[in-house]
Number of protein chains: 2
Amino acid sequence: MSENSGGRRPADPAAVTVDLVIFTIRGDELCVLLIERGNAPYRGRLALPGGYVRPGENLDEAARRELAEETGLDGRRLHLEQLRAYGDPDRDPRGRVVTVAYLALGPDLPVPVAGSDARAARWEAVGPLVSGTTSLAFDHADILRDALERARARLEYTTVAAAFCMEPFTVADLRKVYEVVWGAPLDPSNFRRKVTRAEGFLEPTGGRRVLEAGRPAALYRRGPAKALSPPLLRSGDQVSR
Amino acid sequence: MSENSGGRRPADPAAVTVDLVIFTIRGDELCVLLIERGNAPYRGRLALPGGYVRPGENLDEAARRELAEETGLDGRRLHLEQLRAYGDPDRDPRGRVVTVAYLALGPDLPVPVAGSDARAARWEAVGPLVSGTTSLAFDHADILRDALERARARLEYTTVAAAFCMEPFTVADLRKVYEVVWGAPLDPSNFRRKVTRAEGFLEPTGGRRVLEAGRPAALYRRGPAKALSPPLLRSGDQVSR
DNA sequence: CGGGTTAAAGTCAATACGACCTTTAAGGGG
DNA sequence: CCCCTTAAAGGTCGTATTGACTTTAACCCG
């Protein structure tokens, strides 16, 4: 902060961590990378990957480092943005631990390389996790829910959906991202019209992809545009609430 | 967090604070509440109000408490939302201090009651602060910039603009909020059509307000809607980038 | 070459929006 | 008391966007 009520009030020391919500699309499912905790508390329970912020490191750097450690890839290829901070006093039984959650989006990653440490990492489908019974460690279920909503909203107003696609990709690949993240089908024709006309979203590579059946699809790579305006709204987007 | 690389790596203890960006509209200006620092570092410099998160308190509670202390009002009347966390290792010369910034929006507040402590608080116009030469303490200029952009974006997709208005208010009052925050004039007629048709945004009180001149304006209070869809986009909203 | 399959492009009505104009309801001055 | 000013409220119209749907294109297979 900046001020402690005139310098009188002592700070309550806290540990600061970053936690990562790494989303990818595998098949027809939105998946998140989880680790199985090897230590107390919540030993054996699934949790989001994360770790302490190290001295001299800022929050983004810590998140980027953890991302690289957890995925095995250098995380420079993935979209990474801060979600928000979580600091309930009892969110960690060991004491005051404030975590800064990050949202990472990436194309289908090779395999959850067991991190540099010994924790077992694996992809889990998000659907059953948020609506279901599986309970995550700490407040990670809340974080996951918030991250999912953030990701869904980001698809509306930005071009990050392309971050889920391995280049080069087709319009159908991109549409599948929207359908999987939003959990609803989209009209293929209208979707194509929208994204191909959004300046800077897609750049044609000139190539085509031939599938087992059907007309070959044109291939694209990510364009320079970050924002998407007008937005691509979820159809049944509540008119109010 | 959740995990410290197997429990091996020690935490770097940090102080956790909340800082508040409290926006209001005074006359034709968007203003932010700033305090003049009475202690080192940055003694005498303007800074965002804020303070340490206390033991047993969560982040929202700390922000709500600081808000009440700084404005003198019970902050329950104001819109309050977390902006994001800032944690550069050198953002505070006293050591690692991670701050969680909050964005607060409220109607023209009576006067910056000197907080419970002795700090001098006052409203400052945002325009000169973000584009100008005045330098704030710590990284508060960055936080202010981010808060302004968040507020501008929130007006597009939500109904929080009404949080700036003292109830009851007129459509012109609400339009002025958009114009001041976005820094651009809006067409009165089209603006009315948009906001009055957005279900749940405005609730007519039945009353009218008679000004010095002109037809009396209908009075409204805030409706139950939180989201605004379709959004009310800033006219020159960049088509891409 | 004809059928199956998917991509890509086109049609059309409904809607939303920006620019602009007209009417309404007050107060004030002559 | 009528007219002028002022601002709210409501209407018009051309354009752009969207959603639902149809049509054409390109490739594989047998």
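Chain identifiers are assigned alphabetically (A, B, ...) following the order of the sequence lines, protein sequences preceding nucleic acid strands; residue numbering begins at 1 within each chain.
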Checklist entry - Taking for each residue the nucleotide of DNA chain D with the nearest heavy atom, is it B/Ala172 or B/Arg197 whose nucleotide lies nearer the 5' end? => result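 Going by which nucleotide is closer to the 5' end, it is B/Ala172.
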
Checklist entry - How do A/Pro231 and B/Thr170 order along DNA chain D: which one's closest nucleotide is nearer the 5' end? => result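 With A/Pro231 and B/Thr170 compared, the 5'-side residue is B/Thr170.
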
Checklist entry - How would you list, by chain and number, every residue that makes a side-chain hydrogen bond (donor to acceptor under 3.5 Å, both in side chains) with B/Tyr86, sequence neighbours excluded? => result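 Testing B/Tyr86 for side-chain hydrogen bond (donor to acceptor under 3.5 Å, both in side chains), a comparison that skips the adjacent residues, returns B/Asp146.
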
Next on the checklist: Under the rule for side-chain hydrogen bond (donor to acceptor under 3.5 Å, both in side chains), what residues qualify as partners of A/Arg145, not counting sequence neighbours?
Outcome noted: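 With neighbours one apart ignored, the set is A/Asp142.
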
Next on the checklist: With a 3.5 Å distance limit and no angle check, can you tell me whether B/Thr24 reaches the backbone of B/Pro107 through a side-chain donor-acceptor pair?
Outcome noted: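 Yes, B/Thr24 side chain to B/Pro107 backbone: donor-acceptor pair under 3.5 Å.
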
Next on the checklist: Measuring to OP1 and OP2 of D/dT17, would you say a side-chain N or O of A/Lys194 lies under 4.0 angstrom away?
Outcome noted: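 It does not, given that no N or O in the side chain of A/Lys194 lies less than 4.0 Å from OP1 or OP2 of D/dT17.
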
Item to check | Worked verdict on B/Thr99 versus B/Ile143 for side-chain contact (heavy atoms from CB on, under 4.5 Å) | outcome: CA-CA 10 Å; B/Thr99 198; B/Ile143 300 177; 4.1 Å; yes

Next on the checklist: If you count heavy atoms of other groups shown closer than 6.0 angstrom to CZ of B/Arg77, is the number above 12?
Outcome noted: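 12 or below, so no.
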
Next on the checklist: Between P on D/dT17 and CG on A/Leu228, what's the gap in Å once rounded to a whole number?
Outcome noted: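 In whole Å, D/dT17 P lies 12 Å from A/Leu228 CG.
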
Checklist entry - Whole Å only: how far is the CZ atom of B/Arg192 from the P atom of D/dA7? => result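 It is 13 Å, rounded to the nearest whole Å.
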
With [X], which residues qualify under salt bridge (charged side-chain N to carboxylate O under 4.0 Å, His left out), at least two apart?
X: A/Lys176; answer: A/Asp28
X: B/Arg208; answer: none
X: B/Arg84; answer: none

Checklist entry - Can you list the stems that DNA chain D is part of, where a stem is at least 3 pairs in a row, each Watson-Crick or G-U, with both distances below 3.5 Å? => result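 Only these stems qualify: C:1-30 with D:1-30.
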
Checklist entry - Less than 4.0 Å between a side-chain N and a carboxylate O, is that true for B/Arg65 and B/Glu61? => result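 B/Arg65 and B/Glu61: not salt-bridged.
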
Side-chain contact test, heavy atoms from C-beta onward, threshold under 4.5 Å: evaluate it for [X] versus [Y] and give yes or no.
X: B/Leu105; Y: B/Leu78; result: no
X: A/Val100; Y: A/Tyr102; result: yes
X: B/Arg175; Y: B/Pro188; result: yes

Item to check | Sub-4.0 Å heavy-atom contacts from residues 203-219 of chain B onto DNA chain D, ordered by number | outcome: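 Of all residues in residues 203-219 of chain B, the ones placing a heavy atom under 4.0 Å from DNA chain D are B/Ala213, B/Gly214, B/Arg215, B/Pro216, B/Ala217, B/Ala218.
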
Checklist entry - Listed in order of residue number, which residues of residues 177-191 of chain B have a non-hydrogen atom at under 4.0 Å from DNA chain C? => result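 Hits under 4.0 Å, by residue number: B/Asp187, B/Ser189, B/Asn190.
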
Checklist entry - Using a heavy-atom cut-off of 4.0 Å to chain A, what are the terminal contacting nucleotides of DNA chain C, in 5' to 3' order? => result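 First-to-last contact on DNA chain C, by the 4.0 Å heavy-atom rule, is C/dT5 to C/dT11.
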
Item to check | Inter-residue atom distance A/Leu80.CG - A/Glu66.CD, 0.5 Å rounding | outcome: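 Here the rounded value is 11.5 Å.
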
Checklist entry - What residues form a ring-ring contact (aromatic ring centres under 6.0 Å, His included) with B/Phe191, not counting sequence neighbours? => result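 Checked B/Phe191 against ring-ring contact (aromatic ring centres under 6.0 Å, His included); matches are B/Tyr178.
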
Could you go over nucleotides 13-16 of chain D and give all protein N or O partners under 3.5 Å, atom names and distances?
none

Next on the checklist: Among residues at least two apart in sequence or on other chains, which ones pass side-chain contact (heavy atoms from CB on, under 4.5 Å) with B/Glu81?
Outcome noted: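 By the side-chain contact (heavy atoms from CB on, under 4.5 Å) rule, B/Glu81 matches B/His79, B/Leu103, B/Arg150, B/Arg154.
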
